[in-house]
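The figures here come from the full heavy-atom set of this structure, side chains too, leaving out hydrogens, waters and symmetry mates. Keep in mind that what you see is a predicted model, and the values were worked out from it rather than measured.
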Amino acid sequence: MKLTDFLIALCITAIWGVNFSVIKLGLITADPLILAGIRFTLCALPAVLFIKKPDTSWRYIIGYGLLFGIGLWGIVNLGIKAGVSAGIASLVLQFGAFFTMMLGALLFREKLSRYQCIGIAVALSGLTSIIFISDGSVTPTGLILVLCGAVVWGLVSIIIKKSNTKQVFAFLVWSSLFSPIPLFLLSYLFNGSRGFTELAAQFDVTTLFSILFQVYPNTLFAYWIWNSLLTKYPVSVVAPLSLLVPIFGLLGSVMIFSESIPTAKIVAMILIISGLVIGLYGKRLIGLLQRKSSVAP
């Protein structure tokens, strides 16, 4: 990978990591579901007026929009609001990769390799260690909600695979059309008009920044650039860089919210990221090492 492309990819992972802290900033004044609803409204409009519908079935577009908007980011917003720090949320959400593996095994009969099983076990030990963090950055309710978001991440990954679309940016824009109204209705169902009136009264520059950052740099720009890199380079070159997201997520939370980093968090991060590396790339790394040893003098 060229140095300029590597730096661009690094920038994208930093944007995705810091976004968790930016979401938390928005939640100071905005209801979690309303914040997600506004985000996806702006992801869809006005872009949908200028971008042709992707060449795939409506059921995939609608299903993705509902799950990605409500089941993933609506629930993750609720989890952060419920007391999970931005750093921990960015780390726990990486379990979506494992849920994708397990759903693939169930739905497509894709056999889990021993490396994937080992990776899941290592990452689960990291998740277990998060439970014992006692600095106030983790709550049971928040942790469960973010884990639910990770399960949905696995589901939306399956939808992308089933849709067989190559027009990922258009797919993202059009699917975003189906997220806002259900999110707004759910907020009204649970809280009445309070969330809307409080947002109107408390809306400030921080809220605006949070919304605009989530829509443009984080969603539309970052996904567009990332997918462009995936078309330019092998997946095996680009995808591993996403493992940096929780690192930037934790660093962003430290800088913006002064989140502490006790030993338990470092251990959890090492175990979860190690589990991801083993599960996603273990076989490839072992094969590479074996080839190198076979040609060594």
Side-chain angles (χ1 to χ4, degrees), residues 12 16 19 23 31-79 93 95-110 145-146 148-190 196 211-212 214-231 235 238-239 242:
I12 296 302
W16 280 340
N19 184 60
I23 288 173
D31 173 90
L33 297 176
I34 293 175
L35 185 67
I38 295 172
R39 169 184 178 175
F40 287 102
T41 298
L42 294 178
C43 282
L45 299 173
V48 75
L49 301 175
F50 306 99
I51 296 175
K52 187 179 178 181
K53 173 187 169 293
D55 187 18
T56 189
S57 171
W58 276 109
R59 70 176 183 269
Y60 295 128
I61 296 172
I62 296 171
Y64 185 90
L66 293 174
L67 285 173
F68 190 65
I70 303 167
L72 178 51
W73 290 110
I75 286 179
V76 169
N77 283 9
L78 287 169
L93 197 60
F95 271 84
F98 293 118
F99 289 124
T100 301
M101 293 178 196
M102 290 185 280
L103 286 169
L106 288 172
L107 298 176
F108 303 112
R109 298 184 179 181
E110 297 174 351
L145 285 168
V146 176
C148 288
V151 172
V152 177
W153 181 17
L155 289 171
V156 297
S157 299
I158 295 298
I159 290 176
I160 284 286
K161 182 173 181 178
K162 292 282 287 182
S163 72
N164 199 32
T165 182
K166 304 299 181 184
Q167 302 161 304
V168 180
F169 184 78
F171 187 86
L172 179 65
V173 168
W174 277 82
S175 64
S176 295
L177 272 175
F178 301 93
S179 303
I181 291 177
L183 284 164
F184 294 143
L185 287 175
L186 284 171
S187 177
Y188 187 82
L189 178 65
F190 290 117
F196 297 94
I211 292 169
L212 295 180
Q214 290 178 65
V215 173
Y216 299 107
N218 179 71
T219 305
L220 297 180
F221 173 76
Y223 276 95
W224 170 49
I225 296 298
W226 188 263
N227 289 313
S228 297
L229 290 172
L230 286 173
T231 62
V235 174
V238 180
S242 65

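- With sequence neighbours left out, Trp16 forms a ring pair (Phe, Tyr, Trp, His ring centres under 6.0 Å) with Tyr223, Trp226.
- Every residue meeting the side chain to side chain donor-acceptor pair (under 3.5 Å) condition with Ser187, not counting sequence neighbours, appears here in chain and number order: Asp31.
- To the nearest 0.5 Å, the span separating CG on Leu33 from CZ on Phe184 amounts to 10.0 Å.
- Here Ile159 contributes atom CD1 and Ile62 contributes atom CD1; the two are 11.0 Å apart, rounded to the nearest 0.5 Å.
- By the 4.5 Å heavy-atom criterion applied to side chains, Asn164 and Tyr60 are not counted as neighbours.
- For the atom pair CZ (Phe169) and CD1 (Ile51), the distance works out to 4.5 Å, reported to the nearest 0.5 Å.
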Give the table of side-chain donor-acceptor pairs shorter than 3.5 Å for residues 64-78, with sequence neighbours excluded, one pair per line with atom names and distance.
residue : atom : partner : partner atom : Å
Asn77   : ND2  : Pro32   : O            : 3.1

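- Taking CG of Leu155 as the reference point, atom NZ of Lys162 lies at 13.0 Å (rounded to 0.5 Å).
- Scored by the side-chain contact (heavy atoms from CB on, under 4.5 Å) test, Tyr188 finds Ser193, Phe196 as partners (sequence neighbours excluded).
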Under 3.5 Å donor-acceptor pairs involving side-chain atoms of residues 35-49, not counting sequence neighbours:
residue : atom : partner : partner atom : Å
Arg39   : NE   : Thr219  : OG1          : 3.4
Arg39   : NH2  : Thr219  : OG1          : 3.1
Thr41   : OG1  : Gly37   : O            : 2.7

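- Atom CG of Asp55 sits about 10.5 Å away from atom OG of Ser163, to the nearest 0.5 Å.
- Atoms CD and CG, from Gln214 and Asn19 in turn, are 5.0 Å apart once rounded to the nearest 0.5 Å.
- A search for side-chain contact (heavy atoms from CB on, under 4.5 Å) contacts involving Pro217 returns Ile15, Phe213, not counting sequence neighbours.
- Residues Phe221 and Ile12 form a side-chain contact, since some pair of their non-hydrogen atoms from C-beta on lies under 4.5 Å apart.
- Between Ala170 and Pro54 the shortest heavy-atom distance is O-CD, 3.9 Å.
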